[in-house]
Amino acid sequence: MILSIWVSCFSLVQAQEAEADSMFFAPSKYLLLDKGLQFRITKAINSMYNFDFAAAERDYAVLAIQYPDHPLPEFLVALGYWWRIEVDVTNEKYDATLLKYLDRSIDKAQAMFDADEENKEAAFFLAAGYGFKGRLYSERRSWTKAAWAGKNALKYMEYSRGEEEFNPELLLGDALFNYFSEWIPEHYPLMRPVMALFPKGNKELGLQQLEEVATNAFYTRIEAQYFLFRLYASEEKEPFKALQISEYLHTKYPDNPYFHRSYARHLYAVGRWPQSVQESKEILDRIDAGQMGYESNSGRYAAFYIAQFNERMGNQAEAKKYYLKTLSYGEESESQESGYYLHSLLQLGKIANQEKNKTLAKKYFKEVKKYAKRKHPAHQEAREYIKKNKL
């Protein structure tokens, strides 16, 4: 998780369940704050997060006809493409489409802003559009473009301040900036010159702000929860908090493959292995059925958890079967340098050695040394095992 995380800053659209008919909502001068609109697009937003993009985009098309000069429809479509990418960020096939819709949204927001620099909504969408461009560019290691987009996002975030009703949504940007502007230099020293261009952050405050957004915001609540469970799992060492959030998201959006595999992962991390296996098998079944968004990257996770469980239960044949599946999915997604792939090679090498097939064992350990950097723990373990067992 790198610069891509905080420069995204502002996904604007998570609708909550509406409780009253739109006829009772008072109009707002800003479309984003129009309660009637929020009521009408709730189903579309939920469809998008649940990976029913066709249903969501039909409603977005109606919205585009109703509001042809507003950035909201294009931004919503762009957000859907971001979630297609999020399932496997190494896959670049949606990049051009995502950027196309972001640029359209930015152009319309810029026209609104040029006509009235006091238009907080226009600044809001400019911050969001540039934030997502920066997030994509940083995933693609285009650091100069990412920094430029990030600075634009921060600039327009400042313009959009001052409208009390927007504050819960804007807090997501502050939260991500506070956390990652301190985290990035700690983990990526080469990025320190780039980070010197930005104000100083506060990681602890950023986490508190994310909690507030995840609890109180309307549009950005789900995005805040997404960042929270990732941070709790990987950085804050709070696996049960990560599990609680991912369980909620998977329950609410059961066909979202990212939330599904995250739930399986967090079950595995806290030792709830039978449940993790159950969810992992469901993921593999959905891949086989060709369900939208379920692909080899998710399969790599799921197969590994099943393999690990069977190994712990002493079922070596099943463990071997699913370690091999992990390799297959890893090769399909070109993830040979990932930890799950490398650990599967190690375990298969050990199993082959136990089965007295030293030739196959050597092959697996050779593969570990091929794909892992020398300082990687897997590379070191392979060297030590080869030496100890005279392979």
Side-chain angles (χ1 to χ4, degrees), residues 2-14 30-32 37 41 44-45 48-49 53-54 56-117 119-160 166 169-170 172-173 176-177 194 197 219-220 223:
I2 49 178
L3 184 62
S4 58
I5 304 299
W6 69 264
V7 293
S8 63
C9 291
F10 322 93
S11 164
L12 307 180
V13 271
Q14 168 53 36
Y30 292 130
L31 190 61
L32 277 177
L37 174 65
I41 66 173
I45 300 289
M48 178 191 69
Y49 276 111
F53 299 115
E57 288 174 8
R58 283 194 296 270
D59 290 333
Y60 297 160
V62 174
L63 196 65
I65 294 171
Q66 293 175 321
Y67 306 100
D69 298 322
H70 199 280
L72 177 61
E74 275 79 14
F75 186 82
L76 288 170
V77 176
L79 185 60
Y81 277 97
W82 172 259
W83 275 96
R84 290 172 172 94
I85 292 171
E86 184 63 45
V87 174
D88 181 4
V89 294
T90 65
N91 190 333
E92 301 181 13
K93 69 178 180 179
Y94 296 117
D95 286 15
T97 307
L98 171 65
L99 291 171
K100 177 181 70 175
Y101 282 103
L102 286 176
D103 285 339
R104 288 180 182 178
S105 181
I106 287 170
D107 288 345
K108 290 183 178 181
Q110 189 67 57
M112 291 167 58
F113 187 78
D114 290 344
D116 177 13
E117 290 191 2
N119 188 321
K120 304 297 183 182
E121 187 173 52
F124 197 40
F125 275 106
L126 286 166
Y130 282 115
F132 267 94
K133 289 185 78 168
R135 187 173 176 180
L136 179 67
Y137 288 141
S138 56
E139 287 289 357
R140 303 302 176 233
R141 304 298 192 265
S142 298
W143 301 120
T144 301
K145 288 182 178 180
W148 173 82
K151 285 183 71 69
N152 275 322
L154 289 173
K155 178 179 74 173
Y156 288 110
M157 184 176 73
E158 291 298 323
Y159 277 114
S160 61
F166 277 137
E169 319 307 331
L170 290 173
L172 177 62
L176 295 174
F177 178 80
V194 175
L197 301 172
Y219 298 109
T220 54
E223 298 295 328

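Given the structure is predicted, the values throughout are model-derived calculations rather than measurements.
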Shortest non-hydrogen contact between Ile106 and Gly129, atoms and distance
CD1-C, 3.7 Å
Measure the shortest side-chain to side-chain distance between Leu99 and Lys133 over non-hydrogen atoms and say whether it is less than 4.5 angstrom.
yes
Charged N to carboxylate O under 4.0 angstrom, Arg140 versus Asp95?
yes
So, for Ala78 and Leu98, which heavy atoms are closest and what is the spacing to 0.1 Å?
O-CD1, 3.1 Å
If only atom types and distance count, is the side chain of Ser138 paired as donor or acceptor with the main-chain N or O of Gly134 below 3.5 Å?
yes
For residues Ala153 and Gly131, report the shortest heavy-atom separation together with the two atoms involved.
CB-N, 3.7 Å
Lys155 NZ to Asn152 CG distance, which is reported to the nearest 0.5 Å:
5.0 Å
Where Leu76 and Met48 come nearest, the two heavy atoms and their spacing
O-SD, 3.8 Å
For Leu126, is there any backbone N or O sitting under 3.5 Å from a side-chain donor or acceptor partner on Gln110?
no
Between Tyr49 and Glu223, is the side chain to side chain contact (heavy atoms under 4.5 Å, CB included) condition met? List the steps.
CA-CA 10 Å; Tyr49 276 111; Glu223 298 295 328; 2.5 Å; yes
Please assess Arg141 against Trp143 for the test side chain to side chain contact (heavy atoms under 4.5 Å, CB included), listing each intermediate value before the final yes or no.
CA-CA 5 Å; Arg141 304 298 192 265; Trp143 301 120; 3.2 Å; yes
Between Glu86 and Tyr94, do the side chains contain a donor N or O and an acceptor N or O under 3.5 Å apart?
no
Enter the distance from Phe124:CZ to Leu72:CG here, rounded to the nearest 0.5 Å.
10.5 Å
State the CZ-CG distance between Phe53 and Leu79, to the nearest 0.5 angstrom.
9.0 Å
Take Glu57 and Arg84 through the salt bridge (charged side-chain N to carboxylate O under 4.0 Å, His left out) test and state the conclusion after the steps.
CA-CA 13 Å; Glu57 288 174 8; Arg84 290 172 172 94; 3.2 Å; yes
Between Ser105 and Phe75, the two heavy atoms sitting closest are OG-CB, 3.6 Å
Test Leu136 against Val89 for side chain to side chain contact (heavy atoms under 4.5 Å, CB included), laying out the working first.
CA-CA 9 Å; Leu136 179 67; Val89 294; over 6 Å; no
So, taking the atom named OH in Tyr30 and the one named CD in Glu121, what distance separates them when rounded to the nearest 0.5 Å?
7.5 Å
Pair Phe113-Phe125, side chain to side chain contact (heavy atoms under 4.5 Å, CB included): steps then yes or no
CA-CA 10 Å; Phe113 187 78; Phe125 275 106; over 6 Å; no
Does a side-chain heavy-atom distance below 4.5 Å link Leu102 with Tyr81?
no
Between Tyr130 and Trp148, is the ring centre distance below 6.0 Å?
yes
Pick out which of Arg104, Lys108, Lys100 makes a salt bridge (Lys or Arg N to Asp or Glu O under 4.0 Å) with Glu74.
Lys108
Smallest separation among heavy atoms of Met112 and Asn119, with atom names:
CE-ND2, 3.8 Å
